[in-house]
Q: 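Following this message is one structure expressed as structure tokens.
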Amino acid sequence: MDESQLEPGAVFRFPDDERPLRVVVRDADVVMYDCWWPHLDGWGLADLGATKRRRISYYVTTVATVVDKGIYLRSDPLSDDERALHRPDLPFTALQDPDQNWSTSAVTPVQGGSRLLVAALYLFPFGPAGGTRPGQRVAADNGSFITTNELLRKAHAVQTKHLSTATTVDGVGIYRSGLQRGLPAFYLWRAQSRLHQ
């Protein structure tokens with residue numbers, strides 16, 4: 001499959017699975033996608049009303065895996081409502097900093113930060129054993145967008161409650177996982193995402 005075909009709405013499949021897969025988000029070296037469910041006779045995330053009411057974790061893989069193994073089928077562009085919900089404009093990696101640590105008492109502002117154009121999102125911290133804990137909704141201070149440093153500060157406050165004195169983590173990272181109640185959801189982890197470890 002050609003990398004230029006990997007845009008939101010691209011439909012592909014892997015050789016060992018006949019089910020079509022549809023790109024929802026493509027960011028740098030990551031593809032997040034939906035799957036066709038024969039028993040539903042539709043995409044797993046096609047019911048936008050139901051999708052907005054629950055927690056959704058996207059299927060995720062690397063661009064290299066799709067380019068190497070994927071078979072392009074067609075384009076099925078996201079509707080305006082799907083784009084508004086899935087927000088393919090948001091990054092997979094909201095922040096990575098190998099020099100910081102979740103267990104420190106304060107965070108250091110990052111240089112050259114950007115911003116996420118969302119009024120609110122969910123952050124999912126990890127527990128002392130590494131499992132995901134319930135998400136917490138955080139809102140932009142200005143009601144329009146969240147800067148990288150604001151996100152880091154709020155993520156640190158969310159994560160601190162779930163660490164033990166024995167928890168050690170290499171760096172900090174904030175990565176896209178899917179949706180929670182119709183809002184973008186991100187998980188907190190190390191300086192490398194779970195996908196890249």
Side-chain angles (χ1 to χ4, degrees), residues 1-96 98 116 121-127 129-135 169-171 173-197:
M1 183 168 172
D2 190 276
E3 186 174 341
S4 66
Q5 297 169 311
L6 278 178
E7 296 296 328
V11 179
F12 68 99
R13 71 173 183 83
F14 288 119
D16 57 348
D17 189 347
E18 289 298 316
R19 293 177 302 169
L21 308 170
R22 184 178 181 226
V23 177
V24 177
V25 175
R26 191 277 170 95
D27 178 43
D29 68 336
V30 175
V31 175
M32 304 181 101
Y33 58 93
D34 191 7
C35 181
W36 183 269
W37 290 102
H39 68 284
L40 297 176
D41 193 29
W43 297 111
L45 303 176
D47 185 341
L48 299 185
T51 301
K52 289 179 184 178
R53 291 189 299 273
R54 52 188 189 158
R55 181 176 178 195
I56 300 296
S57 293
Y58 296 130
Y59 296 104
V60 62
T61 192
T62 63
V63 166
T65 298
V66 179
V67 168
D68 184 43
K69 299 178 181 176
I71 300 164
Y72 181 81
L73 301 176
R74 65 183 181 278
S75 178
D76 184 0
L78 273 59
S79 69
D80 290 344
D81 289 341
E82 287 175 314
R83 284 188 172 279
L85 178 62
H86 296 297
R87 295 297 306 271
D89 58 303
L90 296 177
F92 170 72
T93 303
L95 182 134
Q96 281 179 315
L116 297 178
L121 53 80
Y122 275 85
L123 296 174
F124 285 83
F126 60 91
T132 302
R133 298 292 191 201
V169 179
D170 298 325
I174 305 174
Y175 306 98
R176 186 120 184 244
S177 60
L179 301 168
Q180 173 74 19
R181 297 181 184 155
L183 293 176
F186 291 80
Y187 69 90
L188 310 182
W189 195 237
R190 301 178 171 148
Q192 281 195 332
S193 74
R194 288 182 170 130
L195 174 66
H196 293 95
Q197 290 185 327

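Being a predicted model, the structure only gives us computed values, none of them experimental.
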Q: If you take all heavy atoms of W36 and P38, which pair is closest and at what distance?
A: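 So the minimum-distance heavy-atom pair works out to O-CD, 3.5 Å.
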Q: If every non-hydrogen atom of Y72 is compared with every non-hydrogen atom of A10, which pair is closest and at what distance?
A: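 Reported closest heavy-atom pair: CE1-CB, 4.1 Å.
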Q: Got T132 and Y187 here, is their nearest side-chain heavy-atom distance under 4.5 Å?
A: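 No, side chains not in contact.
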Q: Do R22 and Y33 have side chains that approach each other closer than 4.5 Å (heavy atoms only, starting at C-beta)?
A: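 No, their side chains stay 4.5 Å or more apart.
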Q: At their closest point, which heavy atom of V24 faces which heavy atom of P88, and how far apart are they?
A: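 Looking at all heavy atoms of both residues, the shortest contact is O-CB, 3.4 Å.
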Q: Considering only heavy atoms from C-beta outward, does the side chain of V11 approach that of W43 to under 4.5 Å?
A: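 V11 reaches W43 side chain to side chain.
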Q: With sequence neighbours left out, what residues match D29 under salt bridge (Lys or Arg N to Asp or Glu O under 4.0 Å)?
A: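 Counting only residues at least two positions away or on another chain, D29 forms no salt bridge (Lys or Arg N to Asp or Glu O under 4.0 Å).
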Q: What pair of heavy atoms forms the shortest contact from G127 to R133, and how long is it?
A: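 Looking at all heavy atoms of both residues, the closest pair is CA-NE, 3.6 Å.
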Q: Using the ring of F124 (Phe, Tyr or Trp, six-membered ring only), decide whether R55 places NZ or CZ under 6.0 Å from its centre and within 45 degrees of its axis.
A: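 Yes.
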Q: Indicate yes or no: at least one non-hydrogen side-chain atom of L183 is less than 4.5 angstrom from one of R181.
A: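 They are not in side-chain contact.
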Q: Can you say whether the rings of Y175 and F92 are parallel (under 30°), tilted (30 to 60°) or perpendicular (over 60°)?
A: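 Answer is tilted, since the angle falls between 30° and 60°.
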Q: Would you name the heavy atoms of S193 and Q96 that are closest together and state the gap between them?
A: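 Taking every non-hydrogen atom into account, N-NE2, 4.4 Å.
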Q: Any donor-acceptor pair under 3.5 Å linking the side-chain atoms of S4 with those of D2?
A: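 S4 and D2 do have a side-chain donor-acceptor pair below 3.5 Å.
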Q: Between Y59 and W37, what is the ring plane arrangement, given parallel below 30°, perpendicular above 60°, and tilted in between?
A: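 Rings of Y59 and W37: tilted, as their planes differ by 30° to 60°.
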Q: Measuring only between side-chain heavy atoms, which start at C-beta, is E7 closer than 4.5 Å to V23?
A: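 When only atoms from C-beta onward are counted, V23 and E7 do not touch, as no gap falls below 4.5 Å.
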Q: Should V66 and F14 count as side-chain neighbours, where that means a heavy-atom distance under 4.5 Å?
A: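 Yes, their side chains come closer than 4.5 Å.
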